[in-house]
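Order of appearance sets the numbers: ligands from 1, and atoms from 1 within every ligand.
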Amino acid sequence: MKRLFPRIFLLFLSIALAATVRPAEAVDAPKEGILLAAFGTTVPEAMSVYTDIEQTFKAEFPGSSVEWAYTSQIIRRKLEKQGRPVGGVSDGLAALAARGVKVVRVQSLHIMAGEEFAELARAVLIDVQKNPGRFNAVYLGRPLLESRQDALEAAAALVGDTKKAGGEALVFMGHGQSQGRADLVFEGVRAVFREIDPRFFMATAEGARNFDRLLRDLKSGKVRRVRLQALMLVAGEHARNDLAGDEKDSWASRLKAAGFQIKADLHGLGEMDGIRSIFVRHAKESGDDLTKEPKKQ
Ligand code: CO
């Protein structure tokens with residue numbers, strides 16, 4: 001008994017130490033935060049997608065503080081007039097800093113690395129330069145579609161979502177940009193999507209692959225029934241007006257006039273689990289700390 005006692009005492013001592021040391025470590029760990037950066041929307045129905053995305057990130061990054069930034073100044077101004085303001089990138093970073101966050105993951109919710117993403121990256125870098133030492137590290141997660149893996153996972157999510165469609169062609173309206181920025185990313189995504197499912201047809205509202213090319217593709221594919229969906233995070237203005245709207249220049253009206261049977265699906269990509277998990281993966285993969293010099297190879 002006498003020999004055993006010191007051992008038991010040591011055992012209790014080590015348990016007691018472990019119990020006191022662990023919470024102390026947790027307190028010392030730098031507080032982490034996520035800044036979700038979306039284009040933004042003024043369509044109230046589309047807002048629920050943002051809520052879903054926030055829930056997903058909160059579940060995947062427990063303990064992280066989550067903040068939003070809308071990259072569109074036009075959208076931010078409209079929302080401010082409506083009395084429900086959402087900040088931009090520097091507002092979001094300041095809000096995280098005010099909550100004691102030291103490690104930030106900015107996650108782009110853009111679909112491809114076009115103009116909006118380039119401006120987000122620039123805004124983050126400028127903010128980091130203006131506030132040296134505010135954060136220990138700032139990471140920037142890439143947009144939805146860049147790698148072949150991204151496109152394969154996104155196509156799988158879309159196929160899963162549209163099983164019920166039967167023999168319909170699935171027509172996706174990407175945003176695109178008139179300067180041609182991201183045109184080739186779009187071409188690449190389109191190629192991978194069509195490899196996965198030849199029912200996928202894709203064109204852009206503003207890019208080089210336009211409606212006329214879509215019409216040609218549908219005709220040569222001997223398509224009759226078409227389901228329209230926006231290749232966008234939320235079903236906002238473009239989906240409701242330019243794609244599925246009643247005006248005679250919408251894609252729905254023009255396809256109807258060309259003899260196609262049309263159904264429109266007003267769902268944003270962000271509603272799909274498989275899409276949200278790509279954004280989460282990108283947030284976890286972002287390992288390039290923007291507060292430091294680039295890593296030398
Ligand atoms: Co637009």
Strictly by modelled atom types, are His110 and Thr71 linked by a side-chain donor-acceptor pair under 3.5 Å?
yes
Validate the cation-pi geometry between [X] and [Y]: distance from NZ or CZ to the six-membered ring centre under 6.0 Å, angle to the ring axis within 45°.
X	Y	answer
Arg76	Tyr70	no
Arg254	Phe211	yes
Arg194	Phe201	yes

Indicate the ring-plane relationship of Phe193 and Phe200, choosing parallel, tilted or perpendicular according to the 30° and 60° boundaries.
tilted
What lies under 2.8 Å from the Co ion (ligand 1), restricted to protein N/O/S atoms, is His175 NE2, His238 NE2
Using the rule given for side chain to side chain donor-acceptor pair (under 3.5 Å), can you reason through Arg181 versus Gln179, listing the C-alpha separation, both sets of side-chain angles and the distance that settles it, and then say yes or no?
CA-CA 5 Å; Arg181 208 163 195 178; Gln179 301 92 333; over 6 Å; no
